[in-house]
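Read the numbers this way: they start at 1 and go in the same order the structure lists the ligands and their atoms.
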Amino acid sequence: MSSKLKIYNTLTRTKELFEPIDPGNVRMYVCGPTVYDFAHIGNARPLIVFDVLYRLLRHLYGEAHVKYVRNITDVDDKINARAAERGISIRELTEETNKVFQADVRALGCLEPDVQPRATEHIAQMIAIIERLIASGHAYAADGHVLFDVPSMPAYGKLSRRSLEDMRAGARVDVAPYKHGDMDFVLWKPSASHEPGWESPWGFGRPGWHIECSAMSWKHLGETFDIHGGGIDLVFPHHENEIAQSCCAFDRDVMANYWMHNGFLQVEGEKMSKSLGNFVTIHDLLHTNKFGGRKWPGEVLRLAMLRTHYRQPIDWTVKALEEAEANLLAWHDHADFDSITESNEVPATIVNALYEDLNTAETISWIHSLNKTGQMSALKSALRFLGLLNSEVFSRATIQFDPLHDVTQDNRNKIDGWIEARLAARAEKNWAESDRIRDELAAMGVVLKDNKDGTTTWEIRRENTR
Ligand code: AMP
Ligand code: ZN
């Protein structure tokens with residue numbers, strides 16, 4: 001089968017026809033979060049972009065023939081520092097953060113990847129790769145550290161297109177004494193006895209960041225696979241170093257055939273990032289009134305992102321959210337969404353736009369025209385395909401109504417439905433879900449009252465701000 005999908009490959013800096021190594025087993029790896037703190041909405045961009053690609057690949061090759069791996073980095077110096085600060089173990093910290101992360105990603109309408117490997121569960125694979133690198137002369141142990149010997153790999157710098165000379169010029173001057181060369185990077189480093197660590201041939205220690213992804217992609221996708229993704233900031237050094245490790249350990253020319261990178265979500269022209277302090281967490285956007293005085297459903301952020309091509313930068317504004325929400329509500333109302341049967345076929349215009357290097361901006365234009373021309377079942381299937389207006393996520397959170405004027409029978413029925421869902425969640429002791437439903441209703445001005453007899457009644461709170 002010849003593919004129609006074209007993707008921009010950072011390796012070649014060109015748009016290429018996507019040809020998987022094995023159409024029966026299409027493999028994609030995306031670098032996941034370091035779970036020490038809440039993810040911000042810049043981090044949401046790769047989650048959404050690669051979710052759309054995952055959906056498209058499943059459509060093209062069949063659900064059973066695509067494997068999407070997104071890792072969880074649960075050992076890292078930032079994690080150690082935060083856990084020590086809070087007086088808890090790194091496992092407790094990463095469990096807690098990962099729970100919030102998973103809820104955030106669900107709210108963004110993303111499918112779960114096939115595997116979400118944790119770094120700490122792949123220490124054996126990391127050690128195995130490091131041993132191979134030492135054996136083949138690409139790494140050396142010094143002072144409890146193991147370093148990758150960058151000049152041992154002539155092709156180093158191929159992805160980021162930097163020469164060793166450029167890299168040296170940008171490198172810091174205070175090179176650690178155990179490094180042979182200033183560009184050599186850490187594969188393994190020693191841990192003090194109070195720090196997290198594992199026994200290894202080089203003593204008690206912990207892995208560097210880059211080796212984690214080489215180990216997890218190897219374990220779950222093999223020595224070579226199809227697509228590797230992440231944000232554009234990962235090209236150098238992270239992805240360059242992953243390639244160095246995997247190619248040298250397995251004696252291969254390529255780690256992944258296609259390297260895809262999303263552009264930044266920006267604030268006033270700068271990358272949104274933890275270190276600049278200009279970030280908005282997904283969690284705050286969903287659950288607090290900090291932005292525009294209200295909570296926002298994850299799908300609104302999803303659509304706001306999909307309106308721009310994934311390689312372009314996006315400027316973060318509340319106005320973009322308002323526009324996206326207005327679109328979603330218009331489509332929802334026009335389509336009378338819940339009662340329409342979606343067509344089985346995803347409209348060809350939508351799929352064809354995505355074949356062009358994931359042109360989601362064009363898919364949104366097509367959705368507008370499906371709406372204009374009243375092609376409602378096609379509209380519904382297009383939206384579902386893009387992960388928008390999922391009944392569970394969107395309709396609950398954002399079928400908004402003006403409580404003073406518009407408590408229609410339809411809305412009453414919906415509220416009763418949510419109350420039932422909440423009672424079911426409580427019966428399963430799923431307090432998080434129960435609270436979520438209560439909070440979402442409260443955000444719409446519907447206040448629940450739990451009665452002694454086990455029933456729940458509701459009333460409209462008049463000062464509702466919406
Ligand atoms: P980090 O936690 O910084 O490793 O980031 C996790 C993922 O989010 C990586 O793929 C980053 O490239 C991506 N990322 C971080 N900040 C942004 C941003 N402002 N815009 C888009 N992607 C980002
Ligand atoms: Zn990675």
- prompt: Is the Zn ion (ligand 2) less than 2.8 Å from at least one N/O/S atom of C31?
  reply: yes
message: Taking the basic N atoms (NZ, or NE/NH1/NH2) and the acidic carboxylate oxygens, is any pair closer than 4.0 Å for D439 and R436?
response: no
field: Residue selection (non-hydrogen contact nearest atom 18 (C) of ligand 1) among G230, G42, A39
entry: G42
message: Looking at R294 and E322, is any side-chain nitrogen of the basic one under 4.0 Å from a carboxylate oxygen of the acidic one?
response: no
query: Any ion pair linking K67 and D114 (charged N to carboxylate O, less than 4.0 Å)?
result: no
query: Quick one: which of G231, P46, S275, S273 has a heavy atom closest to atom 7 (C) of ligand 1?
result: P46
message: For a distance under 2.8 Å, tell me if H238 has an N/O/S atom near the Zn ion (ligand 2).
response: yes
query: Would atom 4 (O) of ligand 1 count as contacted, meaning some protein heavy atom under 4.0 Å?
result: no
field: Pair R132 + D251: basic N to acidic O under 4.0 Å
entry: no
- prompt: Using a heavy-atom cut-off of under 4.0 Å, does the side chain or the backbone of N262 touch ligand 1, or both, or neither?
  reply: side chain
task: Using a 4.0 Å heavy-atom threshold (strictly under), name the region of K274 that reaches ligand 1: side chain, backbone, both or neither.
output: neither
message: At less than 2.8 Å, would any N/O/S atom of E212, backbone or side chain, sit next to the Zn ion (ligand 2)?
response: no
- prompt: Which residue owns the protein heavy atom closest to atom 20 (N) of ligand 1, what's the atom, and how far is it?
  reply: L265 N, 2.8 Å
message: Closer than 4.0 Å to some heavy atom of M272 - which atoms of ligand 1 meet that?
response: 16 (N), 18 (C), 19 (N)
task: Can you sort out which atoms of ligand 1 are near D233, meaning under 4.0 Å from one of its heavy atoms?
output: 11 (C), 12 (O)
statement: Which of M260, H261, E16 passes side chain to side chain contact (heavy atoms under 4.5 Å, CB included) with N9? It is E16
message: Do the side chains of K219 and E121 get close enough for a salt bridge, i.e. N-O under 4.0 angstrom?
response: no
query: So is there a nitrogen or oxygen of N43 less than 3.5 Å from a nitrogen or oxygen in ligand 1?
result: yes
Ion pair check, R86 and E92, cut-off under 4.0 Å: no
- prompt: Closest N/O/S atom of E242 to the Zn ion (ligand 2), by atom name?
  reply: OE2
message: Below 4.0 Å, non-hydrogen atoms only: which portion of L234 touches ligand 1? Side chain, backbone, both or neither.
response: side chain
query: Is the count of non-hydrogen atoms from other residues, nucleotides or ligands lying under 6.0 Å from E112 atom CD greater than 12?
result: no
query: In a check of side chain to side chain donor-acceptor pair (under 3.5 Å) between H145 and each of Y178, Y140, W202, which one passes?
result: Y178
